[in-house]
Amino acid sequence: MQCSWKAVILLGLASIAIQYTAIRTLTGKTFQLCPVPSALNCSQGPEGEALGGLCEEFPYYFYNNNNNSKKVHILILATTRSGSSFVGQLFNHHSDVFYLFEPLYHVQATLIPHFTHSRNAADRRVMLGASRDLLRSLYDCDLYFLESYIKPQPANHTTDKLFRRGASKALCSPPLCDALSPTEAYLEEGECIRKCASLNLTQAAESCRERRHVAIKTVRIPEIGDLRALIEDPRLNLKVIQLVRDPRGILSSRIETFRDTYRLWRIWRATGRKPYNLDLTQLSTICEDVLRSISTVSSRPPWLRGRYMLVRYEDLAHNPLLKTREIYDFLGLSMEKSVEEWIRNNTRGSNDVSAKHKYGTVRDSAANAEIWRLKLSHEIVDHTQTICQQVLEELGYRAVNSPEELKNMSLSLVEDKSFVPFL
Ligand SMILES: *[C@@H]1O[C@H](CO)[C@@H](O)[C@H](O)[C@H]1NC(C)=O
Ligand SMILES: *[C@@H]1O[C@H](CO)[C@@H](O)[C@H](O)[C@H]1NC(C)=O
Ligand SMILES: *[C@@H]1O[C@H](CO)[C@@H](O)[C@H](O)[C@H]1NC(C)=O
Ligand SMILES: *[C@@H]1O[C@H](CO)[C@@H](O)[C@H](O)[C@H]1NC(C)=O
Ligand SMILES: *[C@@H]1O[C@H](CO)[C@@H](O)[C@H](O)[C@H]1NC(C)=O
Ligand SMILES: *[C@@H]1O[C@H](CO)[C@@H](O)[C@H](O)[C@H]1NC(C)=O
């Protein structure tokens, strides 16, 4: 069929009118098109691509800051040792968010007890179906759904075996925990586990329903495409923050943390000789998963529009407050004092060096983000760069060519690169 230019213009005008009406109806007057003078340059093409020059620099040119809007749910998609505990805390400290730290742990522990970070397609498929069902229930505050995965199975809907309960502020504050002194708002992780009575899941579900948003952090979903069914579910109104990190940093941190699973890498690092039976998929999986996400996102599928933001851990570490505001803007949530305060307390700039840092989160976040350069040998780095070359390029991490470059900390390996949410 031929399409005359008149028809095209008419169609364009009609769609602008409809969008405008819809936007006015849905959001009232606090709707904000763009922080730059020209709103025209901020419009979108037929596939949702941003057409404008200036707007590209702003990660939030189209958002709704009306607190009357629909309940948004949040999923932090990450991989182990990419800084996801830190990102989780950015939501945990918001009074209107019910935060859960890695509930999918229970699914994995039940279905595939010997998790090794390597690729096993069958395991992953089994995990995924169950994980999606559980996530859907949890966003609905149905915590009983978890019970079939918790061992021993909770009786009378109470348990003291919820994985990392203490990482969730909501689960460590009244009415779910009554062991607090009058001056405490919640208990820190260790205290929470020691002092709070068993978790009453009925009460936890009530506490979940009292909050507007549920945020869940997980490292057990391989790529964004695996979440399509949840993202498309209009009742969930789910938005995904995908956290990525330099794979060299992830590898280094895993070698330090998972001492058994990554034992052969430690031997390589110490002896300079690569063990013949090294499981290279432990590394390649990190990069293949990220690549699959990148490829899904770059095809700009309509189901992902407005629902996805990519965050580099290094950017967050260098500028936590600014980056966190961008994330909150994208989600359409207002940031709270308590979140800012937590960031100030736990990142660089904190004067209180002796403060309790019981989480895996870090005080000097910026320095910590690149500490891997002092820990990995050039040989391992070189090998990683070969396997992960495409990921490094896509995410703006510079490869090094020599041990000198690797150890020269005044040479940044993180290129300036902005990742505009797909809106
Ligand atoms: C849109 O941006 C381009 C440069 O990116 C500029 O030349 C043009 O004048 C802008 N259009 C409007 C309507 O401001
Ligand atoms: C938005 O939030 C403020 C403060 O919490 C409240 O006073 C106001 O009534 C809310 N507005 C709407 C439209 O819900
Ligand atoms: C569960 O509750 C019932 C009735 O209150 C009680 O008899 C039973 O002992 C409880 N079971 C456990 C394991 O606490
Ligand atoms: C858990 O909390 C609910 C709601 O407050 C209460 O009815 C129930 O008795 C509690 N369960 C136990 C085992 O204490
Ligand atoms: C930040 O640190 C101060 C001083 O140690 C403490 O009183 C406050 O509760 C902390 N706030 C948060 C959100 O961690
Ligand atoms: C480290 O990198 C900086 C910036 O490129 C360079 O000026 C300096 O000479 C390098 N230092 C060494 C010891 O190579």
Side-chain angles (χ1 to χ4, degrees), residues 85-99 101 141-144 146-147 150 152-162 165-192 196-210 215 320-321 324-325 328 334-365 370 373-374 378 381 397-416:
S85 303
F86 184 83
V87 176
Q89 292 290 8
L90 303 177
F91 299 107
N92 193 25
H93 288 270
H94 193 288
S95 64
D96 226 0
V97 172
F98 185 82
Y99 173 66
F101 182 104
C141 293
D142 177 3
L143 300 187
Y144 290 171
L146 250 178
E147 292 182 353
I150 298 177
Q153 183 150 4
N156 294 343
H157 301 305
T158 63
T159 181
D160 49 14
K161 289 284 183 281
L162 181 71
R165 169 199 180 165
S168 169
K169 193 175 157 183
L171 301 182
C172 298
S173 48
L176 295 175
C177 177
D178 49 16
L180 289 79
S181 71
T183 57
E184 289 170 318
Y186 69 103
L187 293 181
E188 297 270 0
E189 180 145 18
E191 297 264 281
C192 176
C196 301
S198 282
L199 182 64
N200 180 330
L201 290 167
T202 313
Q203 263 179 355
E206 282 164 11
S207 159
C208 173
R209 286 191 196 97
E210 279 163 14
L321 266 178
T324 304
R325 288 202 186 99
Y328 268 83
S334 54
M335 194 146 147
E336 278 183 348
K337 277 260 165 353
S338 55
V339 176
E340 281 189 27
E341 196 180 289
W342 186 87
I343 294 172
R344 292 217 166 83
N345 279 5
N346 289 274
T347 59
R348 187 161 59 170
S350 160
N351 299 320
D352 189 4
V353 177
S354 66
K356 57 253 158 188
H357 299 285
K358 295 187 178 110
Y359 301 92
T361 46
V362 279
R363 207 172 314 131
D364 192 347
S365 51
E370 290 213 63
R373 296 172 62 178
L374 303 177
H378 180 248
V381 168
Y397 299 122
R398 238 170 48 77
V400 295
N401 298 312
S402 66
E404 291 71 35
E405 261 185 83
L406 176 63
K407 307 295 176 195
N408 183 350
M409 298 303 275
S410 57
L411 191 74
S412 175
L413 300 185
V414 183
E415 289 162 4
D416 278 341

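On a predicted model such as this, the values are computed, not experimentally measured, just so you know. We count residues from 1, following the sequence as given. Keep in mind that the numbers below use all heavy atoms, side chains included, and drop hydrogens, waters and symmetry copies. Ligands are counted one by one from 1 in listed order, and the atoms in each one are counted from 1 as well.
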Should the pair His157 and Tyr144 be assigned to parallel (<30°), tilted (30 to 60°) or perpendicular (>60°) ring geometry? parallel

To the nearest 0.5 Å, how far apart are OG in Ser181 and CG in Leu187? 8.0 Å

Give the minimum heavy-atom separation between Thr159 and Leu162, together with the two atoms involved. OG1-N, 4.1 Å

Taking any residue with a non-hydrogen atom under 4.0 angstrom from an atom of ligand 6, which ones do you get? Asn408, Ser410, Leu411

Minimum heavy-atom separation for Cys208 and Phe98, please, with both atom names. CA-CD1, 3.5 Å

Atoms of ligand 5 less than 4.0 Å from Asn345 heavy atoms? 1 (C), 2 (O), 3 (C), 8 (C), 10 (C), 11 (N), 12 (C), 14 (O)

Go through ligand 5 atom by atom and flag the ones less than 4.0 Å from a non-hydrogen atom of Glu341. 1 (C), 8 (C), 9 (O), 10 (C), 11 (N), 12 (C), 13 (C)

Kindly write out the residues that satisfy side chain to side chain contact (heavy atoms under 4.5 Å, CB included) with Ser412, not counting sequence neighbours, or none if the list is empty. Glu370, Val414

Proximal atoms of ligand 5 relative to Ser338 (non-hydrogen, under 4.0 Å): 13 (C)

Summary of salt bridge (Lys or Arg N to Asp or Glu O under 4.0 Å) pairs that have at least one residue in residues 165-179, sequence neighbours excluded: none

SG of Cys196 to SG of Cys177, below 2.5 Å? yes

If we number the atoms of ligand 4 from 1 as shown, the ones under 4.0 Å from a heavy atom of Asn200 are 1 (C), 2 (O), 3 (C), 8 (C), 10 (C), 11 (N), 12 (C), 14 (O)

Which residues pass the ring-ring contact (aromatic ring centres under 6.0 Å, His included) test with Tyr99, not counting sequence neighbours? none

Just which atoms of ligand 4 are under 4.0 Å from any heavy atom in Thr158? 13 (C)

